[in-house]
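Chain letters run A, B, ... following the sequence lines, proteins first and then strands; every chain starts at 1. Treat the numbers as computed from the prediction; the structure is a model and nothing was measured.
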Number of protein chains: 2
Amino acid sequence: MHVRRPATLASLAAELGVSRTTVSNAYNRPDQLSPELRRRVLETARRLGYPGPDPVARSLRTRKAGAVGLLLTENLSYAFRDPAALGFLEGLALACEGAGQGLHLVPINPEREDVAAVHRAGVDGFVVYSVPDDDPHLAAVLSRPVPTVVADQPIVEGVDRVGIDDRAAITALAQRLTTLGHRRVGVICMRLARDRNDGFASVERQQAAHFHVQRARLSGVADALGAAGVEWARVPVVERFDHSTASGESAAAQLLDSDPQLTALVCTSDILALGAMNEARRRGLRVPQDLSITGFDGIPEAERHGLTTVRQPVLEKGRAAGKLLLASVDPTRPREVTLDTEILSGATAAPPRTAEERWFGP
Amino acid sequence: MHVRRPATLASLAAELGVSRTTVSNAYNRPDQLSPELRRRVLETARRLGYPGPDPVARSLRTRKAGAVGLLLTENLSYAFRDPAALGFLEGLALACEGAGQGLHLVPINPEREDVAAVHRAGVDGFVVYSVPDDDPHLAAVLSRPVPTVVADQPIVEGVDRVGIDDRAAITALAQRLTTLGHRRVGVICMRLARDRNDGFASVERQQAAHFHVQRARLSGVADALGAAGVEWARVPVVERFDHSTASGESAAAQLLDSDPQLTALVCTSDILALGAMNEARRRGLRVPQDLSITGFDGIPEAERHGLTTVRQPVLEKGRAAGKLLLASVDPTRPREVTLDTEILSGATAAPPRTAEERWFGP
DNA sequence: TGTCCTGACCGTAACGGTTCAGAACCACTT
DNA sequence: AAGTGGTTCTGAACCGTTACGGTCAGGACA
C-alpha cells in the first residue's frame, strides 16, 4: 500500500466516472444534478476521505477569500488590552460574523518593518485601525487591489472611513472646564509619531503628528482654551509612547512637577486619565476639588470611576467599519461615516480652587 | 481607453519580455537574477500597478496559507467579553505574531448550524477552543486535512491538546472548604450541553455533559466532598447556559432559595462566582462569614474582589496552543500540554457558622 | 583544448477548483 | 416527423502562481 495522496475533486470524479463539473456541482449547486447522483458523489467522497473543495483553490477561481483583514500597528495583543480597541474589534467581529466572513488578524512585528504579512494575507478587503499616516503597512494595504476602510485614522484621500468628530467632541469637553473657570490646564496625549518621545510635545511636533486622531484632539483642546483667552503655546502638552495607566501617572507627575499651579488635566484617553487620577491620589490631591481631570473614550472602567469624559461608540464604530467594507460593491454606500459622541459628566471636573482656597482651604 | 484588467505576473513578464519564473524570482528569490534585471522588473511592476504576487494563487501553489484558524463555539464577540477567553486569544495571537502567521477568526453563527465557514477558511491549521464534544463545527474541522490543536476541550482521540488538570485543581479548592468544615455546599456550573437548561442538573446530566471541562470540574468537586463524607447525589448543582454575572446571580438565588442552609457555593468560573457574590450581598449575607464562595480561572476582576479561586495561566495556554500547532511538522513535539494551576487564597472562604451562630450571631 | 562549474534565465507542469456554453437525452406537443 | 423545452451532464478554458528540471553562455581549470 502506497502513501495515498489526498483525494481531490478530480480523483473523485475519476473514481465515479463523472466529470469534475458534476462533483463540483454536487457541493455547490445541488439543483444541477439528480439527487441520486449527488448522493453517490457525497458518499464516495466520504469513503475516499475527500474533505470537500479546497478553499484556497476555490478562492483563486472565484476571487473571493471570504475574509476581512484587520491591520493594527501595535502588537496584536495590544488590541486585547486596550478597552477601546477591544470594543472596536468586537463590533467588527460582529459585522463579519453577520456576513459570514472570517476576520483575519494580520500579524505585525512592530520591530521589523516587515510588510510581507500584508501581501500574504488572502482577504477580500482590509480594515485599518489606528495606524500612523506614514506607516509602511498602510502603504502596503493601499497597494493591494482590494477595498479598504480606515477607522479613525489615518485620513487617506479616496479611502472610505469611519470615525467620530474628535475635534468637536473634545472641544465641548474642554469648554466645560473653561466655563468652570479653569485657565491653567495641562494636557496628556498619546504618541504623536512613530518615534518615541516621552516628554513635552512642542507645538511643531503636535502639528506634524502622524496620528490624525491625536492631532485633532489636541487642536480641539486648543480651540476651547483659545476661546477662553488662553494662549495655546503656553499650555504644557506631555506625550507618552505607551498607552497605559502607568504612562498617565508619569505624565501627570511630569506636568504637576513642572507647574504645580495647574488646576485641570485634559487627557486624550481614559486610560491616561485613570493613570492621572492615580497620580493625583498619590499626591494627596483631591479630584475634582484640587484638580479636575478629563478623559476620552468612555470605557467601562472610566464610567466606574466617575470620570468626566467623552463617550464614543467603539463597538458601533467597529460594526460600521465592517459594514462599510462589506458593502463596498455598492456604489451608493456612504464613503464616510461619522458617529455621534456624548459627554459623560462624571464627577472629576469642578471649578478650580481660588488662590486663597489653595492656601487656606475651602 | 479600455478597462484594463489588473496586471498579473504573466502580463508583467510579457511586458518585460522575460519569463514568469523570472518575475516570480524577482519577488521571492532575489539571488536568482541579476540586480539590474530585478530592478527593471520591480520598476515595471510599479509602472503597471502590479501589486506583487497574488496571495491566494501563491497559497494554492505553495500549499501554505500563512494563517491559523480559530474556532469558537460562541459568537465571536463572546470571546471579547469573557476575560479567560480573551487571555487565551491574546496568547494565541502572540504566538501567531511571533511566527508571522495570521490569525483567522472563523465566523460562527450559533443559530444556524452552518459549517460552511469552516470549509471556506484558507488556513494551515486550526485551534479549537472550548466547544462541546458533539459540535458539528468541530467535526468539520477534523474532516479537514490540516493539523489541529484543541484547547481545554473537547478531548479528541489523536488530536493534540493543551489544557490544565481541571479536576485536580478544583478538588484542591473544594478540599479547602471541607477542611474548613463545610458540608452543605451548592454548586454553580456553566452549560453542560448544547441545549439550554437553566436549572438543576441531575447527576445523569452531569455525567453526560458534552463539555469536558465542566464535567471534570464537577467530578473534582464530587471527589473532595465525597472524601469528606458528603453524598454527591444530594449536592445541588445548578446550571446556567449563559456565562455572565447575571447567571451567577440567578443561580445563587435559586440555590439559596432551595436550601437556605447552604454554607458555601462552589462556582466553576469566576464570572459566575462574582455574580453569586452580588446575590449574597443583595440578601445581606456577608462573605465569607455567612457564606463562602469560590470561583475558577483567576481573572483580574476576581483578584480585585479577593475571590478565593484557582488561577489558570490563560495567556500561556493560548500561546502553548499556537506553538503546538505551528510545530506540528515536528514529530518530537509534545502531543499534550498540561499547564500548572495555583490556588488564590483570597478572602471569600471561611469556616461555616454554627447553627447557634446562625440564630444568635457570632 | 576539452571539461566542469556557475550564474542567469526559461518552459512546462502542476496546484484544485469554478464556470459557461453546449451535448445528449427524454417527454411532450403540434 | 419535426419541433420544443427541460433536465442532466460534459469539455475545455481559466484563475495566478511557484516547483522543478532544464538550457545556455562564459569563465576557470588542468
Under 3.5 Å, which donor-acceptor pairs link side chains of residues 324-333 of chain A to any protein atom two or more places apart or in another chain?
{"residue": "S328(A)", "atom": "OG", "partner": "L325(A)", "partner atom": "O", "Å": "2.9"}
{"residue": "D330(A)", "atom": "OD1", "partner": "T332(A)", "partner atom": "N", "Å": "2.8"}
{"residue": "D330(A)", "atom": "OD1", "partner": "T332(A)", "partner atom": "OG1", "Å": "2.7"}
{"residue": "D330(A)", "atom": "OD2", "partner": "T332(A)", "partner atom": "OG1", "Å": "3.1"}
{"residue": "R333(A)", "atom": "NE", "partner": "D160(A)", "partner atom": "OD2", "Å": "2.8"}
{"residue": "R333(A)", "atom": "NH1", "partner": "S328(A)", "partner atom": "O", "Å": "3.3"}
{"residue": "R333(A)", "atom": "NH1", "partner": "D330(A)", "partner atom": "O", "Å": "3.0"}
{"residue": "R333(A)", "atom": "NH2", "partner": "D160(A)", "partner atom": "OD2", "Å": "2.9"}

Measure the distance from [atom1] on [X] to [atom2] on [N] and round it to the nearest whole Å.
{"X": "L16(B)", "N": "dC9(C)", "atom1": "CG", "atom2": "P", "result": "11 Å"}
{"X": "R40(B)", "N": "dA8(C)", "atom1": "CZ", "atom2": "P", "result": "15 Å"}
{"X": "R29(B)", "N": "dT18(D)", "atom1": "CZ", "atom2": "P", "result": "9 Å"}

If you look at every strand shown and take non-hydrogen atoms under 4.0 Å, does R38(A) touch a base, only sugar-phosphate, or nothing?
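Since no nucleic acid heavy atom lies under 4.0 Å of R38(A), the category is nothing.
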List the residues meeting side chain to side chain contact (heavy atoms under 4.5 Å, CB included) with A10(A), not counting sequence neighbours, and say none if there are none.
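Checked A10(A) against side chain to side chain contact (heavy atoms under 4.5 Å, CB included); matches are T8(A), R20(A).
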Let's see if you get this right: which residues in residues 50-67 of chain A place a heavy atom under 4.0 Å from DNA chain D?
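Output list: L60(A), R61(A), R63(A).
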Whether each nucleotide of nucleotides 6-11 of chain D has a protein heavy atom under 4.0 Å at its base (B), only at its sugar-phosphate (S) or at neither (-) is summarised, 5' to 3', as --SBBB
In degrees rounded to 10°, what angle is found between the helical axes fit to the five outermost pairs at each end of the helix from dT1(C)-dA30(D) to dT30(C)-dA1(D)?
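That helix has its two terminal axes inclined by roughly 50°.
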Tell me every residue that passes side chain to side chain donor-acceptor pair (under 3.5 Å) with [X], counting only those two or more places apart in sequence or in another chain.
{"X": "H212(A)", "answer": "none"}
{"X": "T21(B)", "answer": "none"}
{"X": "H119(A)", "answer": "none"}
{"X": "D54(B)", "answer": "none"}

Is it true that R47(A) and E15(A) have a side-chain N and a carboxylate O under 4.0 angstrom from each other?
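Salt bridge flag = yes for E15(A) with R47(A).
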Quick one: salt bridge (charged side-chain N to carboxylate O under 4.0 Å, His left out) partners of R194(B), sequence neighbours excluded?
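Salt bridge (charged side-chain N to carboxylate O under 4.0 Å, His left out) list for R194(B), sorted by chain: E113(B), D134(B).
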Going by ring pair (Phe, Tyr, Trp, His ring centres under 6.0 Å), name the residues that satisfy it together with Y50(A), two or more places apart in sequence or in a different chain.
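Here the qualifying residues are Y27(A).
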Between side-chain atoms of residues 38-46 of chain B and protein atoms elsewhere (two or more places apart, or another chain), which donor-acceptor pairs fall under 3.5 Å?
{"residue": "R38(B)", "atom": "NH1", "partner": "A26(B)", "partner atom": "O", "Å": "2.3"}
{"residue": "T44(B)", "atom": "OG1", "partner": "R40(B)", "partner atom": "O", "Å": "2.7"}

